[in-house]
Amino acid sequence: MKTRGSVILSAPGRYETVDLELDEPRQGEIMVKMVATGMCHSDDHFATGDMHAGVFPWLGGHEGAGIVEKVGPNTPGWEVGDHIITSFLPSCGKCRWCSAGMQNLCDLGSTLLQGARFDDPTSYRVHLAEDGRPVGQMCGLGTFAEHTLISVDSAVKVDKDLPLETVCLLGCAVGTGWGSSVNAGNVRAGDVVVIFGTGGVGMNAVQGAHHAGADHVIAVDPVEFKREKALELGATIAFAEPWEAIEYARSLTNGQGADVSVVTVGIIDGEVIAQAFAAIRKGGTCVVTAVGDMNAIGAPIPLVELVTYQKRIQGTHFGHCSPKGDIPRQIQMFRNGTLKLEELITKRYTLDQVAEAYDDMRAGKIIRGVVMFD
Ligand SMILES: NC(=O)C1=CN([C@@H]2O[C@H](COP(=O)(O)OP(=O)(O)OC[C@H]3O[C@@H](n4cnc5c(N)ncnc54)[C@H](O)[C@@H]3O)[C@@H](O)[C@H]2O)C=CC1
Ligand SMILES: N[C@@H](CCC(=O)N[C@@H](CSC=O)C(=O)NCC(=O)O)C(=O)O
């Protein structure tokens with residue numbers, strides 16, 4: 001079927017709306033009419049070229065919510081009309097990692113940057129209407145489109161009364177940030193925590209640290225309105241400069257440093273990781289969530305602190321969350337009013353405004369932007 005989506009044709013490049021042709025769903029696939037999709041910095045990394053798409057054109061977007069319009073043959077458990085949230089990491093439910101409760105490490109997630117089917121890296125389900133060229137789908141999803149074709153392993157079914165234009169954020173930003181504090185950082189009651197970067201992901205790291213009972217949640221972001229929002233969502237103090245946060249954490253801990261630091265800045269470099277590592281005490285944990293050019297970033301870490309101080313660096317994908325278990329849990333927290341979602345959305349956009357929305361993100365004007373479909 002024909003649809004429209006926002007793609008990058010080469011990198012560095014800008015998102016633009018084009019006409020697309022979607023295959024019919026096969027076994028284990030659903031066609032989804034998108035209702036809304038959040039705009040994550042990761043999709044911008046593909047446009048700037050920091051992260052490398054396996055194929056161009058590249059259909060962006062992975063933090064979506066929508067309604068199932070078609071179900072592939074022999075695909076039990078799925079019906080037309082089901083409401084879903086897309087998960088940027090699939091979970092097959094069968095591999096070693098899924099079986100051990102670590103769905104974020106599911107083996108299907110190892111080929112997502114190809115933009116093809118998980119089971120066949122040469123098979124594409126989306127094509128350019130103009131000339132039939134294969135189009136890569138970000139994380140096997142491509143939610144910057146009016147319709148997209150995805151695996152059921154990348155979808156989480158949700159209740160029909162939920163506002164899809166808000167809960168779409170559960171597809172990435174929320175679990176990634178919240179889980180960075182709660183799961184990867186193992187924040188505990190009474191802790192001192194420093195969050196570097198309070199954008200869409202970092203704001204959820206603030207919420208997570210607050211929910212876990214940290215006494216001090218120290219937010220760092222150069223943008224003033226984001227610091228103010230962080231204070232509303234659980235931060236106890238906010239600074240523009242990393243060194244101010246580091247000094248403050250030490251002042252609270254007899255010179256030792258924070259228990260946990262979390263790095264969620266949008267444009268990552270080794271210096272930020274080194275600052276976050278310097279911020280923690282002996283035996284503390286520095287969680288690195290931000291991504292970028294994974295081959296280019298090296299962090300100057302003093303070996304003595306790593307070894308003799310037993311300080312840890314912990315990377316995390318989706319905040320160590322298991323999509324099919326943690327998204328329903330986070331929905332419950334949203335319903336209870338514990339987890340704030342609408343408060344994270346600064347502005348809503350149309351499909352044709354994706355590039356403009358990323359200009360706004362880079363200019364520091366938005367915490368999360370959401371694209372709305374008709
Ligand atoms: N590991 C994972 O599973 C995932 C990683 N990511 C990555 O996480 C990062 C953050 O994503 P978003 O929140 O969507 O981006 P964002 O652009 O909304 O937020 C980044 C924030 O960092 C702030 N910032 C920039 N430089 C800073 C500095 N030196 N110190 C403190 N703050 C600084 C910005 O003002 C902004 O508020 C991106 O690199 C993204 O690709 C996103 C989702 C999943
Ligand atoms: N590791 C997978 C790709 C999964 C992926 O695309 N993860 C992104 C963030 S997507 C959501 O924000 C990421 O961490 N990319 C860095 C990377 O180099 O993987 C794969 O290899 O296909």
Side-chain angles (χ1 to χ4, degrees), residues 38-46 48 50-54 60-63 86-90 104-116 118 121 136-141 143 154 169 171-177 179-180 184 194-206 218-227 229-230 238-245 261-269 271-276 279 287-297 314-321 344 346 357-358 360-369:
M39 314 200 54
C40 175
H41 207 120
S42 295
D43 298 291
D44 195 43
H45 287 313
F46 285 90
T48 58
D50 288 344
M51 274 164 60
H52 307 291
H62 58 279
E63 191 177 85
T86 60
S87 170
F88 83 88
L89 293 173
N104 65 316
L105 298 181
C106 174
D107 283 337
L108 290 184
S110 61
T111 58
L112 300 178
L113 301 182
Q114 294 299 317
F118 309 138
Q137 292 173 265
M138 168 66 170
C139 291
L141 298 168
T143 58
S154 303
L169 302 193
C172 177
V174 176
T176 300
S180 291
V194 188
I195 313 291
F196 291 83
T198 54
V201 171
M203 214 58 90
N204 288 293
V206 167
I218 305 165
V220 188
D221 201 292
V223 181
E224 188 178 4
F225 94 92
K226 298 189 185 185
R227 295 197 299 275
K229 182 62 77 175
F239 295 103
E241 294 290 339
W243 62 264
E244 294 176 290
S261 62
V262 183
V263 183
T264 67
V265 305
I267 299 165
I268 181 92
D269 60 26
E271 194 188 338
V272 185
I273 298 174
Q275 287 165 343
V287 179
V288 180
T289 308
V291 296
D293 185 342
M294 306 303 247
N295 299 321
I297 298 166
Q314 175 67 61
T316 187
H317 216 182
F318 198 36
H320 287 37
C321 286
L344 307 175
T346 315
Y358 279 116
D360 286 350
M361 173 185 269
R362 283 184 230 121
K365 292 182 184 168
I366 56 174
I367 296 170
R368 211 43 152 199

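Atoms within each ligand, like the ligands themselves, are counted from 1 in listed order.
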Would you compute the distance between atom OG1 of Thr198 and atom CE of Met203 and round it to the nearest 0.5 angstrom?
4.0 Å

Are Met138 and Asp43 close enough that some pair of their side-chain heavy atoms sits under 4.5 Å apart?
yes

Short N or O distance, Gly319 and ligand 1, threshold 3.5 Å exclusive:
no

For Thr176, check side-chain hydrogen bond (donor to acceptor under 3.5 Å, both in side chains) against everything at least two apart and list the hits.
none

Give the minimum heavy-atom separation between His45 and Gly266, together with the two atoms involved.
CE1-O, 3.0 Å

Per-atom contacts, ligand 1 versus Thr198 - under 4.0 Å to a heavy atom
37 (O)

Contact check, side chains of Val262 and Thr289, non-hydrogen atoms, under 4.5 Å
yes

The criterion is side-chain hydrogen bond (donor to acceptor under 3.5 Å, both in side chains); which residues satisfy it with Gln137, sequence neighbours excluded?
Arg117, Thr148

Check each heavy atom of Val291 against ligand 1 and say whether those closer than 4.0 Å belong to the side chain, the backbone, both or neither.
both

Distance check, rounded to the nearest 0.5 Å: Ser42 atom OG versus Met51 atom CE?
5.0 Å

Would you call Val220 and Glu244 a side-chain contact if the rule is heavy atoms closer than 4.5 Å?
no

Closest approach of any protein heavy atom to atom 8 (O) of ligand 1, naming residue and atom
Ala290 CA, 3.6 Å

Is Ile268 near ligand 1, meaning one of its heavy atoms is under 4.0 Å from it?
no

Heavy atom under 4.0 Å from ligand 1: found in Val223's side chain, backbone, both, or neither?
side chain

State whether the side chain of Asp269 and the backbone N or O of Val272 hold a donor-acceptor pair below 3.5 Å, judged by distance alone.
yes

Under 4.0 angstrom from ligand 1, any heavy atom of Cys172?
yes

Contacting atoms of ligand 1, where contact means under 4.0 angstrom from a heavy atom of Val220
31 (C), 32 (N)

Is ligand 1 less than 4.0 angstrom away from at least one heavy atom of Pro222?
yes

Of all heavy-atom pairs linking Ala290 and Ile268, the shortest is CB-CD1, 3.7 Å

Near ligand 2, which residues have a heavy atom under 4.0 Å away from one of its atoms?
Cys40, Ser42, Met51, His62, Phe88, Gly109, Ser110, Thr111, Leu112, Leu113, Met138, Cys139, Cys172, Val291, Met294, His317

Tell me whether His317 has any N or O atom under 3.5 angstrom from an N or O of ligand 1.
no

What protein heavy atom is closest to atom 13 (O) of ligand 1, reported as residue, atom name and distance in Å?
Val201 N, 2.8 Å

Can you tell me which portion of Ile267 lies within the under-4.0 Å heavy-atom range of ligand 1? Options are side chain, backbone, both, or neither.
neither

If you compare all heavy atoms of Cys172 against all heavy atoms of Phe318, which two are closest, and at what distance to 0.1 Å?
O-CE1, 3.5 Å

Heavy atom to atom 29 (N) of ligand 1, shortest distance: which of Val194, Val287, Val272 holds it?
Val272

Who's the nearest protein heavy-atom neighbour of atom 39 (O) of ligand 1, and how far?
His45 NE2, 2.9 Å

Taking only heavy atoms of Lys226 into account, list the atoms of ligand 1 that are under 4.0 Å away from them.
36 (C), 37 (O)

Any heavy atom of Met203 sitting closer than 4.0 Å to ligand 1?
no

Any non-hydrogen side-chain atom of Asp221 less than 4.5 Å from a side-chain atom of Phe239?
no

So which protein heavy atom does atom 30 (N) of ligand 1 come closest to, and at what separation?
Val265 CG1, 3.7 Å

What's the shortest distance from atom 35 (O) of ligand 1 to any protein heavy atom, and which residue and atom give it?
Asp221 OD1, 2.8 Å

Output for pair (Arg368 CZ, Met39 CE), nearest 0.5 Å, gives 9.0 Å

Subset of ligand 1 atoms that lie under 4.0 Å from at least one heavy atom of Phe318:
2 (C), 3 (O)

Which atom pair, heavy atoms only, marks the closest approach of Gly140 to Phe118?
CA-CE2, 4.2 Å

For Gly199, the ligand 1 atoms with a heavy-atom partner under 4.0 Å come out as 13 (O), 18 (O), 19 (O), 21 (C), 37 (O)

Side chain or backbone, does Gly200 bring an N or O within less than 3.5 Å of an N or O on ligand 1?
yes

Which protein non-hydrogen atom lies closest to atom 14 (O) of ligand 1, naming both residue and atom, and how far is it?
Arg368 NH1, 2.6 Å

Answer with side chain, backbone, both or neither: which part of His41 has a heavy atom less than 4.0 angstrom from an atom of ligand 1?
both

One should read off an interatomic distance between His52 NE2 and Leu113 CG, to the nearest 0.5 angstrom, of 9.5 Å

Do His317 and Phe88 have ring centres separated by under 6.0 Å?
yes

Hey, are the side chains of Lys365 and Thr346 touching, using non-hydrogen atoms and a 4.5 Å cut-off?
no

What pairs with Asp107 under side-chain hydrogen bond (donor to acceptor under 3.5 Å, both in side chains), at least two apart in sequence or on another chain?
Trp97

Among all protein heavy atoms, pick out the one at the shortest distance from atom 20 (C) of ligand 1; state its residue, atom name and that distance to 0.1 Å.
Gly266 N, 3.2 Å

Could you tell me the residue and atom name of the protein heavy atom closest to atom 4 (C) of ligand 1, and the distance to it rounded to 0.1 Å?
Thr176 CG2, 3.6 Å

